[in-house]
Structures are given as structure tokens and as C-alpha cells.
Amino acid sequence: MNKTVLITGGTRGIGRALVKQYLAAGYSVYATGSNENSVAKSNLELPDVQWLVCNLMSVKSIENLASSIINRSFDVVIHNAAVQQKRDLFTANNELISIENETMINFTAPILLTRLLFSNVQKVAGTWVFITTGLAVSPKQSSPIYCANKAGIRAFCKSFNGQVTRHKSGITVCEAILPMVETDMTNGYGRGKISPAQAAREVIKGAAKGQKEIHVGKVRILMKVRALFPNLIENVMIKL
């Protein structure tokens, strides 16, 4: 029997790379997009995927998504969708994404969806994957809400794993910590970015191994240096 994966934010970037690689590996792939247009376009290009519309800024839309797949078991669920808004708290700006919506997409939505689909994963002793970033470990000053959201997800993963141990559950919880990846989110800034395909390969490999922390690309170096010189890394990152 084919295994099944659900990927949020599957229409572009890292999510799209994950969709393609899981398809190539023989999985039945379910993936979400934020609106009808993005899902329709992706369905034309990748018709073997079960595409689903879910606006992660809406609790009702998340609940509708969960209801539509409530009878499906998932071997892997990857919480990939995210947004990042640069935000100067000292300046009143007309920001594209509000604090509430940024936090809803990055933090509240994956936790709510985990709760709603908990039995879908638990009954097959499946794997939950939460995509975070090195900024959850060492934040930068220019995107305070995004960094806080991802740090919150990092803490959630640790608590979730603690409950997995306490309940002697067969499920696996992975935090995939990514470096800067060449996506729409990072377009126009940053150097030394890895491709979405490379990020996806390392996430899939780490999830298959059941790693509680999947250190992708340069994050492996970040974590080693941070262990030796914690203040050095934070002092560098906070200036960005």
C-alpha cells in the first residue's frame, strides 16, 4: 500500500519541491494552496496530486480542510507554509501582512491542524514535520514576529516530543531547521542560499530517519558553532 503525505504550502518554493520528490518516491500526495488560482495552476502542472484550498489565516478554512480529509490516514504531515514580514516596531508602516495574520499562518495554524488531524497520523504511527529556521535559534532584528513564531514552533516540537515519550506513542515529531533557501520569501536579499530541491531532499531524508531535529545545510554549522560560542552567533544574527 502506498504511503500518504500532506504538505501545506505546496504550490511553490520548498513545498513544491517536497510535493515533487514525494511523488517521485511513490507517495500519494495531498497538498494545500492558499487560494483557488494557485491550486488550479498547480493542478494543471501536477495533476497526480490531490490539491486542496486552505486559507491558513482562517480557522474556518483550516477546520474545513480537516473535515474534508478526516477519513484519510497520513504517514507524514509537513507543516511547511509560512510568511515573513519585515517589521520595524519603531516605525508605523503599511505592512502587507498584519501581526495577527503572520502569527496565524506561522504558529497557530500548524498547531490547530495538528490537533484536528491528530488521529489521522496516530493510527498509522506517522510522522509530523514542522519546518522552522535557524532564526528560531538565533533571531534577526528585522523580522521579529516571524522569528518569534518559529521559536514558538521550536518550543512546541520539544513539548510535543515530551508528550510522545510520556504516552509511549509510536508517532514521530521532527523539527526541520532550515538555512536561507532560494524562495519568493527570500527574493532580493541574502547570500549562500540553497535550492528548494536540496532543502526538500534533506527534510525528507531526516523525516524518514525520525530525527527530532533535522539540521539542513548550513544549519549544521550554526548549531555546532552555537554550542561552542552561543553569544557570538546571536550577536551576529541580531544585526541582520
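For this chain, numbers begin at 1 and follow the sequence in order.
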Next on the checklist: Under the rule for side chain to side chain donor-acceptor pair (under 3.5 Å), what residues qualify as partners of R201, not counting sequence neighbours?
Outcome noted: none
Would you give me the side-chain donor-acceptor pairs under 3.5 Å for residues 43-50, sequence neighbours excluded?
unit_1	atom_1	unit_2	atom_2	d
E45	OE1	R16	NH2	2.3

Next on the checklist: So which atom in W128 and which in L113 form the shortest heavy-atom distance, rounded to 0.1 Å?
Outcome noted: CH2-O, 4.4 Å
Could you pull out every donor-acceptor pair under 3.5 Å between side chains of residues 54-69 and any protein atom, sequence neighbours left out?
unit_1	atom_1	unit_2	atom_2	d
N55	OD1	M57	N	3.0
S58	OG	K60	N	3.3
S58	OG	S61	N	3.0
S61	OG	N55	N	2.8
N64	ND2	K60	O	3.4
S67	OG	E63	O	3.0
S68	OG	L65	O	2.7

Checklist entry - If every non-hydrogen atom of S38 is compared with every non-hydrogen atom of N35, which pair is closest and at what distance? => result N-OD1, 2.8 Å
Checklist entry - Are a donor atom and an acceptor atom from the side chains of S195 and E182 found within less than 3.5 Å of each other? => result no
Item to check | ring-ring contact (aromatic ring centres under 6.0 Å, His included) involving Y27 - partner list, sequence neighbours excluded | outcome: Y22
Checklist entry - Given the rule in the side-chain contact (heavy atoms from CB on, under 4.5 Å) test, do Y146 and L135 qualify, once you have shown the distances and angles that lead to the verdict? => result CA-CA 9 Å; Y146 176 78; L135 298 175; 4.0 Å; yes
Item to check | Residue pair L6 / A31: nearest heavy atoms and the distance that separates them | outcome: CD1-N, 4.4 Å
Next on the checklist: If the condition is ring-ring contact (aromatic ring centres under 6.0 Å, His included), which residues does F130 pass it with, not counting sequence neighbours?
Outcome noted: H79, F156
Checklist entry - Can you name the residues that form a side-chain contact (heavy atoms from CB on, under 4.5 Å) with V219, not counting sequence neighbours? => result I177, P179, H215, M223
Next on the checklist: I'd like to check the side chain to side chain donor-acceptor pair (under 3.5 Å) partners of T103; sequence neighbours left out, ordered by chain and number.
Outcome noted: N149
Item to check | side-chain contact (heavy atoms from CB on, under 4.5 Å) assessment of Y30 paired with T4 | outcome: CA-CA 8 Å; Y30 287 68; T4 304; 3.7 Å; yes
Checklist entry - In chain order, what residues pass the side chain to side chain donor-acceptor pair (under 3.5 Å) check against T132, with sequence neighbours excluded? => result E175
Checklist entry - Passes side-chain contact (heavy atoms from CB on, under 4.5 Å), I204 versus V76? Steps please. => result CA-CA 10 Å; I204 292 170; V76 184; over 6 Å; no
Item to check | Other residues, nucleotides, ligands: >12 heavy atoms within 6.0 Å of K123 NZ | outcome: yes
Checklist entry - Can you pull the salt bridge (Lys or Arg N to Asp or Glu O under 4.0 Å) pairs that have at least one residue in residues 6-15, sequence neighbours excluded? => result R12-D184
Next on the checklist: List the residues meeting side-chain contact (heavy atoms from CB on, under 4.5 Å) with K209, not counting sequence neighbours, and say none if there are none.
Outcome noted: K205, Q211
Checklist outcome for this item: Sequence neighbours excluded, the answer for salt bridge (charged side-chain N to carboxylate O under 4.0 Å, His left out) partners of K158 is E213
Checklist entry - Do F118 and I70 share a hydrophobic cluster, counting only Ile, Leu, Val, Met, Phe, Trp and Tyr and linking them when any side-chain heavy atoms are less than 4.5 Å apart? => result no
Checklist entry - Can you name the side-chain contact (heavy atoms from CB on, under 4.5 Å) partners of T165, sequence neighbours left out? => result none
